[in-house]
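Structure record follows, encoded as structure tokens.
Every chain is numbered from 1, with letters handed out A, B, ... down the list of sequences.
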Amino acid sequence: MRVGRSAFCNCAMNVTFNLASELETALQDAAQTAGLEADALNTEVRTADPRHGDFQANGVLGYAKARKLNPRATAEQIVAALPEDLLARCEVSIAGPGFINFTFGADTLLDWLQKHDTVDHLKSGASAFYQGQRFVVDYSSPNTAKQLHVGHIRSMVIGEAICRMLSFCGAEVTRDNHIGDWGTQFGKLIWGYKNLLDENALQTDALEELERLYKAADAATKEDAATLDAARAELVKLQQGDAENLALWKQIIAISSSAFQKVYDRLDIKFDHEHGESFYRDQLARVYQELEETGLSSESQGALVVFHPEHPRFKTQPFIVRKSDGASNYATTDLATMLYRTEHFKADAIIVLTDTRQSDHFQQLWLTTVKWYAAKNYPLPRFEHVSFGSILGDDGKAIKTRSGDPIRLHALLEEACDRAYTLVSEKSPDIPEEERQEIGRTVGMGAVRYADLSQNRSSDYVFNWEKILSFEGNTAPYLLYAVTRIHSIFRKLDFDPATIETATAAAPETPNEQALARKLVGLAAVLNMTTEQLRPHFLCTYLYELAGAFSSFYSADKVLVEDEAVRARRLLLCARTLLVLETGLHMLGLRTLQRM
RNA sequence: GCACCCGUAGCUCAAUUGGAUAGAGCGCCUGACUACGAAUCAGGAGGUUCGGGGUUCAAGUCCCUGCGGGUGCACCA
């Protein structure tokens, strides 16, 4: 049933960035006006299948059901109470068992496009989502003494994208690289350094030698219990402040951190802090003390542990906060870290990115934190363990080199850029060599990043060069190509898309123009969803669909036509598509290109 | 043994967390460059959403169960 008419309205309208939230407010008010229990109505509006409209509200179904009302009749009551000015801009209909569908008129689409003309304007619209909220995001977090390998990439790439998205949406984001520089591996490494060091190798390639030492020491501790004890003793000495071990430790940190930095630079990742585990070493005593004082911890087999009796598993599976030899571990530093982030950073939310195998640990950490904070009356932040699956090889098992070693990240990125360069050289041999190199780097890095981001992080994924560097489908090259085609149009006209005159442009008309405009307006809803669930693949899917809508429009509706009015309105669409595509890709951590 | 995750087109993946006729890409088939970049676009074929029960206006999604795969479980992180 059609209730409103999409009448044209020439008055200047206050178009909001987030049309869905505008509808939600209107529904809430209408329910009130209609005399319904407005608070009990779920007014959530979601983006709809284009066949049904721009947005749909389904809350009436549940509301009517619970009260034994006719859902369609209830929907009609609400729709009848919607304000006139909304009905003038938006066609509202009731369909099926009681869905309320909303389709905005072309003039509203035009208003939105005119108003959201720069990154800053998009950003100020989006900032309503997380304005004033402090987020601490803990990602990358490698272990010192090991090189970065493929297994580290998801935390970095997904973590960085989440930071950028949240920041775009108004959050105050603190990036913290929680380096593993104080754990058991140092016992092994120091033992190895003292017993197995090859001085020459250390001079030639320090990082390589450290890695060899760690592996050799690790193997030795597995073979011999006495060696394991010796390695543990080295860790205890370090943690107690032994001068020799501290000096060694500092040397090791310096070597590995300079290697990490090279990869971070390459990936455009820059941390605000690198508070590794060692940073918390003098804050651990307080953790032990408060856990004991509040009665949360207990002694078990010589270790200090926390059990959670209400939990099916953690009632017997301990959360070990101090080892029987007195050394701290992951749990101890993580508890201290939690405290530091709440007290020092005053975090409203803490996000930690690690693979899904660490889920137990973070569940125990959180259960413990909740009780601890309650007992001490500390303000409890929101906490999210953003977990992700593993990267698999063609055999379906964790990816490795032929020799069984992990694939080094710098080598992987190098190969991606080389392969992309080769492809660019095939497709665009006329572009100068130096620029092709640069394009290769942008496409290669983008392809690796996008392949990781475009998939739901929860599942494992199979790493495959053909798929990652494929130039078809939901890939970085497809999106980058769409961007370059738009740049190409403006290059032809010889003007900057940011300076386009939009006031004279008319509303989108053809089916492809309208579909593209509607897609653009959907940005707000996608940002909301992707940051709410901390899943960048929603943004990827959106950008892919946007690029697809543009490609269809581009091939159906010629932009550079004689008719000035037609050309103006199509150029506006091009400019805004470019803006949203580039803004979205930058949010994901990709760079974009003028041509490729 | 206990617990968690996963099973969707031949393949790789989506599906706004319970919403309308389950969607894309690859591959296969048919079309479109004397048109702003064909790394593109338009169209076609392809499904008992692992099997079986259940919950309700509505189930790929929730509950129970069976099968298959993965992961974690005392001093690693």
Side-chain angles (χ1 to χ4, degrees), chain A residues 44 46-49 51-52 56 58 61-62 64-65 71 95-99 101 141-143 180 183-185 188 218 232 277 300-305 311-314 316-325 327 329-331 333-334 354-361 363 387 389-390 392 396-397 423-424 426-428 443 454-456 458-462 464 466-467 470-475 477-478 480-482 484-493 525-526 528-530 532-533 535 537-538 540-542 544-545 548 551-556 558-561 570 574 595-596:
Chain A
E44 188 201 339
R46 56 173 62 192
T47 54
D49 184 316
R51 283 172 294 194
H52 303 124
Q56 62 172 298
N58 309 326
L61 287 156
K65 176 68 184 170
F99 301 114
N101 292 330
S141 311
N143 278 330
T184 306
Q185 82 273 20
K188 294 177 182 175
D218 189 49
R232 281 180 175 159
E277 292 169 348
S300 176
Q301 300 176 26
L304 190 69
V305 307
H311 194 279
R313 202 158 10 115
F314 304 138
T316 52
Q317 185 180 318
F319 189 50
I320 299 171
V321 297
R322 187 174 58 213
K323 304 199 281 184
S324 52
D325 61 9
N329 67 0
Y330 196 33
T333 47
D334 272 359
T354 78
D355 69 87
T356 191
R357 288 177 299 195
Q358 295 186 35
S359 299
D360 275 10
H361 168 79
Q363 269 186 56
S387 63
S390 320
L392 310 177
K397 298 192 170 175
L423 287 163
V424 173
E426 279 169 19
K427 297 285 181 186
S428 309
V443 174
S454 59
Q455 185 153 78
N456 189 336
S458 300
S459 38
D460 295 347
Y461 80 87
V462 177
N464 170 297
E466 275 87 76
K467 188 187 171 189
S470 163
F471 288 74
E472 282 150 358
N474 188 9
T475 63
Y478 177 82
L480 293 174
Y481 177 63
T484 60
R485 283 213 291 195
I486 304 173
H487 273 299
S488 176
I489 293 170
F490 288 103
R491 199 159 46 232
K492 197 141 200 156
L493 290 173
V526 167
N528 188 27
M529 183 165 69
T530 200
E532 218 165 54
Q533 301 184 34
R535 293 185 188 273
H537 82 280
F538 288 126
C540 292
T541 304
Y542 168 79
Y544 174 56
E545 287 169 357
S551 293
S552 300
F553 154 78
Y554 179 88
S555 64
K558 186 168 166 59
V559 177
L560 301 179
V561 291
R570 290 185 181 164
C574 290
R595 59 175 183 170
M596 63 191 273

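- Of all nucleotides present, only U30(B) satisfies the Watson-Crick or G-U wobble test against A42(B), with each distance under 3.5 Å.
- With distances taken from any side-chain atom of Asn143(A) to the nucleotides U17(B), G25(B), A77(B), the minimum falls on A77(B).
- The base-pairing partner of A3(B), taking Watson-Crick or G-U wobble contacts with both distances under 3.5 Å, is U71(B).
- For Tyr481(A) and U40(B), the ring-to-base geometry does not satisfy the stacking test (centroid distance below 5.5 Å, interplanar angle below 30°).
- Taking atom C1' on both C13(B) and U49(B), the two are 14 Å apart, rounded to the nearest angstrom.
- Remark: the separation of the P atoms in U12(B) and G70(B) is 16 Å, to the nearest Å.
- The main-chain N or O of Ile320(A) is found under 3.5 Å from a side-chain atom of Asn329(A) such that the two form a donor-acceptor pair.
- Here the nucleotide nearest the side chain of Gln358(A), chosen from U16(B), G19(B), A77(B), is A77(B).
- Nucleic acid contact class of Lys467(A) (heavy atoms, under 4.0 Å, all strands): sugar-phosphate only.
- Across all strands, Pro318(A) comes closer than 4.0 Å to base atoms (heavy-atom distances).
- A side-chain donor-acceptor contact under 3.5 Å links Gln185(A) to the backbone of Gly180(A).
- Counting only distance, with no hydrogens or angles, the side chain of Asp460(A) and the backbone of Ser390(A) share a donor-acceptor pair below 3.5 Å.
- You'll find that the side chain of Leu61(A) is closest to G19(B), out of G19(B), C73(B), G25(B).
- For Gln317(A), the listed nucleotide lying nearest its side chain is C73(B); candidates were U16(B), C73(B), G70(B).
- OP1 or OP2 of G37(B) has not a single side-chain nitrogen or oxygen of Arg491(A) nearer than 4.0 Å.
- Counting any heavy atom pair closer than 4.0 Å across all strands shown, Glu466(A) reaches no nucleic acid atom.
- Residue Arg485(A) holds its CZ atom at 13.0 Å from CZ of Arg491(A), rounded to the nearest 0.5 Å.
- In this model, the phosphate group of A14(B) is approached by a side-chain N or O of Ser459(A) to a distance below 4.0 Å at OP1 or OP2.
- Between the P atom of C33(B) and the NZ atom of Lys558(A) lies a distance of 15 Å, rounded to the nearest Å.
- With distances taken from any side-chain atom of Glu472(A) to the nucleotides G25(B), C36(B), G70(B), the minimum falls on G25(B).
- Residue Gln363(A) is out of contact with every strand shown, counting any heavy-atom pair closer than 4.0 Å.
- Looking at Gln533(A), its side chain has no donor and acceptor atom pair within 3.5 Å of the base of U16(B).
- Side-chain atoms of Thr541(A) come within 3.5 Å of backbone N or O of His537(A) as a donor-acceptor pair.
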Discussion item. Assess the residue pair Arg535(A) and Ser458(A) against the criterion (side-chain hydrogen bond (donor to acceptor under 3.5 Å, both in side chains)); give the C-alpha distance rounded to whole Å, side-chain angles, the decisive distance to 0.1 Å, and a yes or no.
Written reply: CA-CA 9 Å; Arg535(A) 293 185 188 273; Ser458(A) 300; 2.8 Å; yes
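- Heavy atoms of Arg570(A) sit nowhere under 4.0 angstrom from any nucleic acid atom.
- The side chain of Ser552(A) sits closest to C41(B) out of C41(B), A74(B), U16(B).
- Note: Phe319(A) and Phe314(A) fail the aromatic proximity criterion, with ring centroids not under 6.0 Å apart.
- If you check every strand for non-hydrogen atoms under 4.0 Å, Glu44(A) touches sugar and phosphate atoms only.
- Tyr478(A) has no side-chain polar atom (N or O) that falls below the 4.0 Å cut-off from OP1 or OP2 of A24(B).
- With Thr356(A) contributing its side chain and Gly389(A) its backbone, the two residues share no donor-acceptor pair below 3.5 Å.
- Among the atoms of the strands shown, none is found under 4.0 Å from any heavy atom of Asp218(A).
- Regarding the sugar-base torsion, C33(B) falls in the syn class, its angle being within 90° of 0.
- The residue Arg595(A) sits close to a base: some heavy atom pair falls under 4.0 Å.
- Across all strands shown, Ser458(A) has no heavy atoms under 4.0 Å from either base or sugar-phosphate atoms.
- Of the possible donor and acceptor atoms, none in the side chain of Arg595(A) sits under 3.5 Å from a partner among the backbone N and O of Ser488(A).
- Here A77(B) is the nucleotide among G37(B), C41(B), A77(B) with the atom lying nearest to any side-chain atom of Thr184(A).
- Within the 4.0 angstrom heavy-atom criterion, no nucleotide atom of any strand lies near Glu545(A).
- When rounded to the nearest whole Å, the span between CG of Asn474(A) and C1' of C26(B) equals 12 Å.
- Note: Phe99(A) and His52(A) fail the aromatic proximity criterion, with ring centroids not under 6.0 Å apart.
- What separates CG of Leu423(A) from C1' of G37(B) is a distance of 17 Å, to the nearest Å.
- Between Ser551(A) and U40(B) there is no side-chain N or O to OP1 or OP2 distance below 4.0 Å.
- Taking 3.5 Å as the limit, the base of A58(B) and the side chain of Asn58(A) contain no donor-acceptor pair of atoms between them.
- Base orientation of U21(B): anti, the glycosidic angle falling outside 90° of 0.
- Comparing atom distances between the Tyr544(A) side chain and each of A74(B), G25(B), A15(B) picks out G25(B) as nearest.
- Of the candidate nucleotides G37(B), G72(B), U21(B), G72(B) has the atom lying nearest to any side-chain atom of Asp360(A).
- Using C1' as the reference atom, G54(B) and C41(B) are 47 Å apart when rounded to the nearest Å.
- The nearest whole Å value for the distance from the NZ atom in Lys492(A) to the P atom in A35(B) is 11 Å.
- Distance, Tyr542(A) OH to A14(B) C1': 17 Å, rounded to whole Å.
- Pairing of G18(B), defined by two Watson-Crick or G-U wobble distances under 3.5 Å, is not identified with any nucleotide.
- Stacking of the aromatic ring of His52(A) onto the base of A20(B) is found: the ring centres lie under 5.5 Å apart and the planes are inclined by under 30°.
- Nucleic acid contact for Ser454(A): none, since no nucleic acid atom lies under 4.0 Å from a heavy atom of the residue.
- Nucleotide A35(B) forms no Watson-Crick or G-U wobble pair with any nucleotide shown, as no partner meets the under 3.5 Å limit on both distances.
- At whole-Å resolution of the value, OH in Tyr554(A) and P in A42(B) are 14 Å apart.
- Across the P atoms, A3(B) and A42(B) are found 50 Å apart, a figure rounded to whole Å.
- Contact annotation for Gln301(A): base contact, defined as any heavy-atom pair under 4.0 Å involving a base atom.
- A close approach under 4.0 Å does not occur between any side-chain nitrogen or oxygen of Arg357(A) and OP1 or OP2 of C5(B).
- For Phe553(A) and U40(B), the CZ to C1' distance is 15 Å, given to the nearest whole Å.
- Nucleic acid contact class of Thr354(A) (heavy atoms, under 4.0 Å, all strands): none.
- Side chain of Arg313(A), nearest nucleotide from A77(B), G72(B), A39(B): G72(B).
- Look at the C1' atom in both G46(B) and C2(B): the space between them is 42 Å, to the nearest Å.
- A sub-4.0 Å separation between OP1 or OP2 of A38(B) and a side-chain N or O of Arg485(A) is present.
- Across all strands shown, Asn456(A) has heavy atoms under 4.0 Å from sugar-phosphate atoms exclusively, and none from any base.
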